[in-house]
Amino acid sequence: MKAQVVCLGAVNLDLLYQVDDIEEFLGAWGSGLVRRGEEIVSLDEEQRLMALLPRFAHPTGRAAGGRAA
C-alpha cells in the first residue's frame, strides 16, 4: 500500500530579495518592521511593497514556504 501524505496549513511562495540599504528601506516602508522581523500585509500593503522593492532591492530567487510545504 502506498503511503499517503496529508498536509494542513498554508503553502506560500517566498520571494527573495537582496536589499542594498535596509535602514533606508525600513524607513520608506514605515510600518515598524525591524531587522529579522516578520509582518503580515494586506493586499494594499502588498501592492505598496511591490512598488517600493525596485527602489531598494533586487530579486535573488524564490522558495517554497509555509507549514504545509
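It should be emphasised that the depicted structure is a prediction, and the values quoted were computed from it without experimental measurement. As a basis for the values below, the full set of heavy atoms in this structure was taken, side chains included, without hydrogen atoms, waters or symmetry mates.
Going from atom CD of E45 over to atom CG of L52 covers 11.5 Å, rounded to the nearest 0.5 Å. Once rounded to the nearest 0.5 Å, the distance linking CZ of R48 with OG of S42 reads 9.5 Å. Rounded to the nearest 0.5 angstrom, L16 CG and D14 CG are separated by 6.5 Å. Interatomic distance, CG of L49 versus CG of L15, reported as 9.5 Å (0.5 Å rounding).
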Note to self: D20 vs H58, test: side-chain contact (heavy atoms from CB on, under 4.5 Å). Steps then yes/no.
What the structure shows: CA-CA 8 Å; D20 300 319; H58 60 275; 3.9 Å; yes

Notebook entry, point to check: So W29 and V41, side-chain contact (heavy atoms from CB on, under 4.5 Å) or not? Walk me through it.
Noted result: CA-CA 12 Å; W29 180 242; V41 297; 3.9 Å; yes

Item checked: Full working for side-chain contact (heavy atoms from CB on, under 4.5 Å) between F56 and I22 -> CA-CA 8 Å; F56 298 99; I22 190 70; over 6 Å; no

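Residue Y17 comes nearest to M50 through the heavy atom pair OH-CE, 3.6 Å, listed as atom of the first residue, atom of the second, then distance.
Residues L53 and L13 are members of one and the same hydrophobic cluster, defined by side-chain heavy-atom contacts under 4.5 angstrom among Ile, Leu, Val, Met, Phe, Trp and Tyr.
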